[in-house]
Amino acid sequence: MMRKTKWKKHSILPGFGLSVGFTTLYVSLLVLLPLAMIFVNTASMSWSGFWAAVTEPRVIASYRLSFGASFAAACINVVFGVLIAWVLVRYSFPGKRVIDGLVDLPFALPTAVAGIALTTLYTETGWVGQFLPFKVAFTPIGITIALTFIGLPFVVRMVQPVLQNFDQETEEASAILGAGRMQTFFKVIVPEIIPAALTGFALAFARALGEYGSVVFIAGNMPMKTEITPLMIMTKLEQYDYEGATAIAAVMLVISFVLLLFINGLQWWTNRKYSHS
Amino acid sequence: MSIQIKGVSKTFGSFEALKNINLDIQTGELVALLGPSGSGKTSLLRIIAGLEEADDGVIFFGNEEITHIRTTERKVGFVFQHYALFKHMTVFDNVAYGLRVRSKRERPSKKDIKKKVTELLSLVKLEAFADRYPAQLSGGQRQRVALARALAVEPKVLLLDEPFGALDAKVRKELRRWLRRLHDEFHITSIFVTHDQEEALDVANRIVVMNEGRIEQIGSPEEVYEQPNSPFVYDFLGNVNVFHGRLEDGQWRNGNQADTEQQALAYVRPHDIVIEREKPTEDAVEAKVIHVHAVGRTVHIELKEEKAERFLEAELPKEQYRELNIQTGETVFVRPNQLKVFVPADFSI
C-alpha cells in the first residue's frame, strides 16, 4: 500500500493540494517576488559601494530613529490599547459605540491627513503644543506620537475578542480564593491576554516601521535628527540613486524580518506557556 | 460554622430573584438548595459567597455579620459548575493559588505549600496529574481539581454551584458519593445548588426546596419526599400523577362531576398506582396501556386515561407485572393506593 504523507490530518474537506499550491503561488507573486527584486537590484552594487551606502552616518541615525520610535510607539500602544479594549468590553456607557468606531479611524484616514493634523496640533503655537513645556513637532517625540496614532487599532482589535471571551468566573474564583484586585488582574487576566497583546504589538511595530505619510510632516526631516529610514529611501529615489535606495531598503527588510521573527518566536513561546485550551 | 440568612431579597432589574429568604444552617450540615432554573437558588448561593450583594437583609457566619464584607475576606470555598480553573496554570499551581496570593505575613513557606497541595491532590486522587494543565483533564478530574483548590484555603463554608451539572451520569454519581464522604470526614458546612432532585435526595442532610425566589419547604430528604407541603414540591421531587376530583365528607372522590362540591387534586406517585384487570370500585379509572418499559427490577408503564385524554405513569415490581401479564394496547383499571390531596384554593389538605 502507498503510504500517504503525514502533512495533513484526515479531513472531510478535500483540496489540500490545490489550496497549498495556490497559497504558495499567491504569496510568491505578491510578497516574495517584489521583495526578491530588492536584493536583485542591490546585487548590482559593489560590496564596498553597498557598505558605504548603508553605513552613511545620516542613514545610521535614521535606523536608530525608525526602530526606536516604532518600538516606543508599539509599547505605548500595548499599554493603552489594552486599556481601551478593557473599557470597551467591560463597561457600557453612552457613546461606547462611537468610541468603538473611532478606534478604527487611523486605518481609514489617509496617513498624510493624519500627519498634517497632528503637526498643526503639536507645533509650538498649536492647540495642544502651546501648553506643552517641551517641543513635540519636529522632534522624535512628534514622530512617536504619529506612529502611536497609526498603530492604535492593532492592539485594541487583537485584545478585544480575547477579553470578550474571557470567562469571568475565573476572576470570581480568584477573588474567592483571597486574591486582591491587582493579583487577580496580573495573575489571571494578563496571562490570558498576553498572546493577543503580543500579536497586536508585532503588527503595530511592523506598521510603524513602514510608515511614511504621517511622519514626514511632523518630523521636520532634519538630517541626523528627525529623518526616518523610509524618508531616506525616498530622498535617494528623488536623486535617482536607485541602487542606494534599494540597499537601505534591503537592510531595513532584513532587520525587520529578524525582529518580527523574534516576536513570532516569543508569541509561540507565550502561547505554549499560557494557553492550554 | 453556622450560617444565618435573615430577610434577604434581591432584584435584577424588574425580576425579583429572591423574596425575603430566611434560612438557618447549622455547623457541619450538608444542605442542598433545590429548585428549577430561575428559582433563585444560584443567586442565594452567590450572595452567601459575596459575589452578589443582597438588596435587603443580613447574613451571619457564626456570630459575625458578613453582609457587607468583601468576597476576598469571607474565607469561603466556591466550586463553579464550569470549573473556572486557571487555564494557564498547572493543576498544582491551580490548587496552590489560594495560598500563594496571601500576604507575605500569612503565606505558608514554599515547602508547606507543596506539602499541603500534594496532600489535597492525593485526597482527590490526582497526584499523578500535578503537572498537567486543566485542558488535559476530563470533566470529572477538572471538578476534583476545583474542589481541591477550594479546600486549599481551609474554608469554613463550602459553596457548590451545580457542581456536577456538566458531567455525565456515571461520573456524577461517583463524585456525589465522594462529596458526601469528604463531608463526613471534614464536617465543613456545605451548601450545594442543584436542579436534580435525585442528587439532592442522595447527598444532602437537609433540602431547601426553592421556587420563584421563595423557599417552599425545608426538611430532611425523607420529609420533603414523603410529606411535601405543596403541589410544587410534590411535583418537583419525583414523578407524579395528578387526578382531578372532589372532596366528599373529607374523602377524595375521583372524577369531575359538574356540581358545586369542592374541587380537589390528588397527587399520586407512580409506585402508588395499582393496576387491575377487573373493575374493583366505582373510583377506578379506565386506561389504555401505551408503553411498557421493563428493564430493571421495576417496570414502568405508561397509560392513557381514555375519558380525560390524560397520561398516567405507573411502576410495578417485576413479579406483579408478570402475574398481570399486561400487554401494550390493553385496557386496564387504575386506582391510587396512596394519595395526597391538595385543594386548589389554598393548597392545604
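This is a predicted model, so every value here is computed, not measured. Below, chain A is the first sequence line, B the second, and so on; all start at residue 1.
Looking at Tyr97(B), only its side chain comes within 4.5 Å of chain A, counting heavy atoms on both sides.
Leu177(A) is not listed as a side-chain neighbour of Thr72(B), based on a closest heavy-atom distance of 4.5 Å or more. No side-chain heavy atom of Phe86(B) sits under 4.5 Å from any side-chain heavy atom of Lys187(A).
Residues satisfying the salt bridge (charged side-chain N to carboxylate O under 4.0 Å, His left out) criterion with Arg64(A), sequence neighbours excluded, are absent altogether. With sequence neighbours left out, Val162(A) forms a side chain to side chain contact (heavy atoms under 4.5 Å, CB included) with Ile193(A), Ala196(A).
The number of heavy-atom neighbours closer than 6.0 Å to CG of Asn63(B), taken from other residues, nucleotides and ligands shown, is 12 or below. Within 6.0 Å of CZ in Phe262(A) there are 12 or fewer heavy atoms belonging to other residues, nucleotides or ligands. The local environment of CZ in Phe257(A) is sparse, with at most 12 non-hydrogen atoms from other residues, nucleotides or ligands closer than 6.0 Å. In Arg90(A), the CZ atom is crowded: over 12 heavy atoms of neighbouring residues, nucleotides or ligands sit closer than 6.0 Å. A 6.0 Å sphere centred on CZ of Phe93(A) holds more than 12 heavy atoms belonging to other residues, nucleotides or ligands. No more than 12 heavy-atom neighbours from other residues, nucleotides or ligands sit within 6.0 angstrom of OH on Tyr26(A).
Heavy atoms only, all atoms of each residue included: Val76(B) and Ile176(A) are closest at O-CG2, 3.2 Å.
Here salt bridge (Lys or Arg N to Asp or Glu O under 4.0 Å) pairs that include residues 146-165 of chain B, with residues two or more places apart or in two chains, are Lys41(B)-Glu162(B), Lys116(B)-Glu154(B).
When the candidates Val153(B), Leu51(B), Val79(B), Leu99(B) are compared by the number of heavy-atom contacts under 4.5 Å with chain A, Leu51(B) comes out ahead.
Chain B is approached within less than 4.5 Å, heavy atom to heavy atom, by Asp167(A), Glu169(A), Thr170(A), Glu172(A), Ala173(A), Ser174(A) from residues 166-174 of chain A, ordered by number.
Atom-to-atom distance recorded for Glu192(A):CD and His88(B):NE2 is 6.5 Å, nearest 0.5 angstrom.
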